[in-house]
K.L.:
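Pasting a structure below so you can have a look.
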Amino acid sequence: MKILVLGSGGREHALIRKLAESPKVEKLFCIPGNAGINSDSVTANIPLTDHAAIIAFVKDNGIDLTVVGPEVPLTNGIVNDFNKEDLRIFGPVKEAAELEASKAFSKKLMEKYNIPTAQYRIFTEYEEAKKYLQQNKHPIVVKASGLAAGKGVIVCATLEDSLRAISEIMVAKSFKSAGDEVVIEEFMTGEEASVFAVSDGNYYKILAPAQDHKAVYDGDKGPNTGGMGSYAPAPLIDEKMMYRIERAIIEPTFEAMKNEGRTYKGVLFAGLMITQEGPKVIEYNCRFGDPETQAILPLLDADLSDILYGSAEGSFTFSEVLPSTGYHCLCLVLASGGYPNKYFTGYGITGIEVSDRDTHIIHAGTAIDNGQVTTAGGRVLNVVSTAGSLKEAKKKAYDRAGKIKFKDVYFRKDIGDKGIKYYEK
Ligand code: AMP
Ligand code: GLY
């Protein structure tokens with residue numbers, strides 16, 4: 001099988017590394033890729049917005065399956081365009097990707113089908129949103145409904161904060177049309193987890209639950225980032241909790257989408273808050289998580305190409321929670337100092353030559369400059385280690401990370417600690 005992956009981050013590199021393990025995979029391609037992906041597959045520099053050029057590339061290279069990494073091509077309808085050409089692709093059609101593209105849509109769907117989530121209201125008028133905020137208790141959460149590259153969610157401790165948030169989104173239009181509708185919702189307390197279910201339109205397969213670390217500093221302090229590290233499985237989601245999530249959230253979401261005429265194929269990413277009352281949806285995404293995927297795939301005791309191909313083909317024969325392998329995996333993100341705010345790129349990187357079975361060096365924001373691998377983004381590299389315990393996986397990843405050098409390198413010191421605490425209880 002020839003497989004093309006679309007995207008350029010750590011998630012895409014991890015997908016390529018896992019797919020490379022399959023005896024069924026003959027050749028891997030990636031558009032556009034990064035310095036690491038470039039050594040593991042054939043890359044081409046085509047803009048992800050140019051669906052026609054991507055389709056031509058697929059035809060020219062006899063590609064059997066295209067796997068979409070990021071959300072933007074999905075919400076732009078790349079799956080719809082491939083379907084018109086009868087080409088095989090992994091991911092939801094545009095109408096199903098609405099689950100991520102419109103928080104207003106996903107909140108209304110959850111309400112209609114009784115899927116547990118935070119109480120909410122939707123506003124299009126600033127004055128009405130203001131009045132609502134003045135009457136409601138804080139903290140409260142203000143969200144631009146549309147895609148805002150992970151920046152459209154503002155947790156507001158006080159009325160002053162929430163009024164500033166709606167003024168930025170609804171008056172200053174900082175997220176442009178993504179802020180035409182604003183969701184204001186109840187602040188939920190609990191611990192967060194990420195659950196991924198791959199659907200073929202009829203049945204689904206649930207992968208190992210993971211936990212992300214969104215804040216930039218240790219102890220979940222500081223501004224949110226794309227994710228500073230992850231681990232899987234997340235012990236917070238034990239077998240019993242996974243059963244509740246499957247029955248109350250995953251299954252009803254796929255059923256609801258089918259019922260709405262928006263059958264969901266591809267991976268559904270449920271960002272969850274495990275509250276006192278049980279699991280509730282924070283948000284849905286229509287793609288694999290980054291950096292969760294990096295920690296989940298090394299634990300997968302199945303051929304990833306079978307899962308992605310089966311989803312695209314609609315050939316699953318039953319639903320399941322994939323069994324745990326008993327191993328633990330931790331992904332540590334090495335970032336450019338200053339990220340998620342201003343940072344510099346173009347620095348040479350050393351110490352990344354060796355990946356082995358237990359520790360992968362995954363590239364996120366890297367480029368090649370005169371034959372040298374350099375930093376090219378906020379999140380630069382991922383060190384991903386697998387071991388018999390989470391504590392051991394953490395030690396391996398941090399030991400390996402210590403040997404990687406580039407100017408201004410920054411990483412959190414406490415990735416995995418919340419999980420390790422569970423095992424030590
Ligand atoms: P999202 O992009 O919707 O996942 O939100 C980003 C982050 O904001 C989440 O990971 C949570 O930490 C936080 N968040 C979003 N919605 C809520 C909520 N209703 N209650 C508490 N925290 C939230
Ligand atoms: N790790 C969160 C995300 O991929 O959106």
Side-chain angles (χ1 to χ4, degrees), residues 7 9-12 14-15 68-72 74-75 97 99-107 110 116-122 136-157 161-162 165 169 175 178 182-196 207 209-216 219-232 234 267-277 279-297 331-333 335 340 364 378-379 382 415 418:
R11 165 183 53 206
E12 288 76 16
L15 285 164
V68 188
E71 64 277 15
V72 171
L74 296 168
T75 62
L99 268 187
E100 173 165 0
S102 167
K103 291 186 193 296
F105 169 79
S106 71
K107 293 300 286 190
M110 286 185 267
T117 187
Q119 297 289 335
Y120 75 103
R121 288 276 302 275
I122 297 170
N136 275 275
K137 64 175 200 290
H138 288 62
I140 205 162
V141 186
V142 175
K143 302 184 174 185
S145 175
L147 289 185
K151 299 193 177 77
V153 173
I154 308 163
V155 177
C156 306
D161 295 340
S162 64
I169 301 173
F175 302 110
V182 168
V183 175
I184 299 183
E185 66 180 40
E186 168 206 1
F187 176 79
M188 300 185 283
T189 46
E191 206 176 317
E192 289 179 48
S194 307
V195 169
F196 299 86
L207 306 175
Q211 194 166 54
D212 189 7
H213 296 67
K214 285 201 169 81
V216 70
D220 296 333
K221 301 277 183 339
N224 270 352
T225 67
M228 294 301 293
S230 61
Y231 64 90
V267 60
L268 175 72
F269 168 175
L272 305 175
M273 186 73 84
I274 310 304
T275 72
Q276 290 289 344
E277 296 108 67
K280 294 187 183 180
V281 177
I282 299 173
E283 64 161 1
Y284 293 114
N285 294 304
C286 60
R287 51 170 174 85
F288 282 111
D290 187 339
E292 289 95 328
T293 304
Q294 290 90 312
I296 289 171
L297 293 183
C331 166
L332 172 64
V333 173
R379 293 190 290 174
N382 307 147
I415 302 302
K418 266 189 254 173

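Start at 1 and go down the list; that is how both ligands and their atoms are numbered.
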K.L.:
Among protein heavy atoms, which sits nearest to atom 11 (C) of ligand 1, and what does the distance come to when rounded to 0.1 Å?
P.N.:
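In this structure, atom 11 (C) of ligand 1 has Glu192 OE2, 3.1 Å as its nearest protein heavy atom.
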K.L.:
Check Glu186 against ligand 1 and report side chain, backbone, both or neither, counting heavy atoms closer than 4.0 Å.
P.N.:
backbone
K.L.:
Any side-chain heavy-atom pair from Ile140 and Phe187 closer than 4.5 angstrom?
P.N.:
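With C-beta onward as the side chain, the pair stays apart.
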K.L.:
Pairing donors with acceptors under 3.5 angstrom, does anything connect the side chains of Gln211 and Glu292?
P.N.:
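Side-chain D/A pair, Gln211 to Glu292: absent.
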K.L.:
To check your reading of the model: name the closest protein heavy atom to atom 8 (O) of ligand 1, its residue, and the distance in Å.
P.N.:
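Answer, as residue, atom name and distance: Val153 CG1, 3.6 Å.
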K.L.:
Considering only non-hydrogen protein atoms, determine which one is nearest to atom 14 (N) of ligand 1 and report residue, atom name and distance to 0.1 Å.
P.N.:
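The answer is Ile282 CG2, 4.0 Å.
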K.L.:
Nearest protein heavy atom to atom 2 (C) of ligand 2, by residue and atom, and its distance?
P.N.:
Asp212 OD2, 3.5 Å
K.L.:
With heavy atoms of Lys103 as the reference, note each atom of ligand 1 found under 4.0 Å away.
P.N.:
3 (O)
K.L.:
Give the atoms of ligand 1, by number and element, whose distance to some non-hydrogen atom of Phe187 is under 4.0 Å.
P.N.:
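Within the 4.0 Å cut-off of Phe187, ligand 1 contributes 20 (N), 21 (C).
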K.L.:
Is the backbone N or O of Thr189 less than 3.5 Å from a side-chain atom of Thr275, with the two atoms forming a donor-acceptor pair by type?
P.N.:
no
K.L.:
Do any nitrogen or oxygen atoms of Met188 come within less than 3.5 Å of a nitrogen or oxygen of ligand 1?
P.N.:
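It does: an N or O of Met188 is found under 3.5 Å from an N or O of ligand 1.
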K.L.:
Would you check if Phe269 and Glu100 make a side-chain contact, meaning some heavy-atom pair closer than 4.5 Å?
P.N.:
no
K.L.:
Can you list the atoms of ligand 2 that are under 4.0 Å from a heavy atom of Glu292?
P.N.:
1 (N), 2 (C)
K.L.:
Regarding ligand 1, does Asn224 bring an N or O atom to under 3.5 Å of one of the ligand's N or O atoms?
P.N.:
no
K.L.:
Okay, side chain of Asp220, backbone of Ala215: is any donor-acceptor separation there less than 3.5 Å?
P.N.:
no
K.L.:
Among all protein heavy atoms, pick the one closest to atom 5 (O) of ligand 2 and tell me residue, atom and distance.
P.N.:
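Result: Arg287 NH2, 2.9 Å.
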K.L.:
Taking the side chain as everything from C-beta on, heavy atoms only, tell me whether Val153 gets closer than 4.5 Å to Lys103.
P.N.:
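A side-chain contact exists here, since the closest heavy-atom pair is under 4.5 Å.
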K.L.:
Where is the nearest protein heavy atom to atom 3 (O) of ligand 1: which residue, which atom, and how far?
P.N.:
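For this ligand atom, the closest protein heavy atom is Glu283 OE1, 3.2 Å.
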K.L.:
Taking side chain as C-beta onward, heavy atoms only, is Tyr120 less than 4.5 Å from Ile184?
P.N.:
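Heavy-atom side-chain distance check fails, nothing below 4.5 Å.
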K.L.:
Between Arg121, Lys107, Gln119, which is the residue that forms a side chain to side chain contact (heavy atoms under 4.5 Å, CB included) with Glu185?
P.N.:
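Exactly one option meets the side chain to side chain contact (heavy atoms under 4.5 Å, CB included) with Glu185, and it is Lys107.
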K.L.:
Does the N or O separation between Glu283 and ligand 2 drop below 3.5 Å for any pair?
P.N.:
no
K.L.:
Which atoms of ligand 2 are found less than 4.0 Å from any heavy atom of Gly289?
P.N.:
4 (O)
K.L.:
Ignoring hydrogens and geometry, is there a side-chain-to-backbone donor-acceptor pair from Arg379 to Met228 under 3.5 Å?
P.N.:
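Checking the backbone N and O of Met228 against the side chain of Arg379, no donor-acceptor pair under 3.5 Å is found.
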K.L.:
Going by the order shown, which atoms of ligand 1 are within less than 4.0 Å of some heavy atom of Lys214?
P.N.:
10 (O)
K.L.:
Check whether any side-chain heavy atom of Val216 lies under 4.5 Å from a side-chain heavy atom of Pro340, and answer yes or no.
P.N.:
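When only atoms from C-beta onward are counted, Pro340 and Val216 do touch, with a gap below 4.5 Å.
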K.L.:
Is there a donor in the side chain of His138 and an acceptor in the side chain of Ser162, or the other way round, less than 3.5 Å apart?
P.N.:
yes
K.L.:
Note the single closest protein heavy atom to atom 16 (N) of ligand 1, along with its residue, its atom name and the distance in Å.
P.N.:
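For atom 16 (N) of ligand 1, the nearest protein heavy atom comes out as Lys143 NZ, 3.0 Å.
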K.L.:
Give me the nearest non-hydrogen protein atom to atom 13 (C) of ligand 1 as residue plus atom name, then the distance to 0.1 Å.
P.N.:
Val155 CG2, 4.0 Å
K.L.:
For atom 19 (N) of ligand 1, what is the closest protein heavy atom, and at what distance to 0.1 Å?
P.N.:
Glu185 OE2, 2.7 Å
K.L.:
Write out the residue and atom name of the closest protein heavy atom to atom 22 (N) of ligand 1, then the distance separating them to 0.1 Å.
P.N.:
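The closest one turns out to be Met273 CE, 3.8 Å.
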K.L.:
Is a side-chain donor or acceptor of Ser230 paired with a backbone partner of Pro291 at a separation under 3.5 angstrom?
P.N.:
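Present.
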K.L.:
With respect to atom 23 (C) of ligand 1, which of Thr117, Val183, Val141 exhibits the smallest heavy-atom separation?
P.N.:
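Among Thr117, Val183, Val141, the closest heavy atom to atom 23 (C) of ligand 1 comes from Val141.
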K.L.:
Does Gly271 come within less than 4.0 Å of ligand 2, judged by its heavy atoms?
P.N.:
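The answer is no: ligand 2 sits nowhere under 4.0 Å from a heavy atom of Gly271.
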K.L.:
Please state which part of Phe269 comes within less than 4.0 Å of ligand 2, counting heavy atoms only: side chain, backbone, both or neither.
P.N.:
side chain
K.L.:
Using a 3.5 Å distance criterion without hydrogens, assess whether the side chain of Ser145 forms a donor-acceptor pair with backbone atoms of Ser102.
P.N.:
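Judged by distance alone, no pair lies under 3.5 Å.
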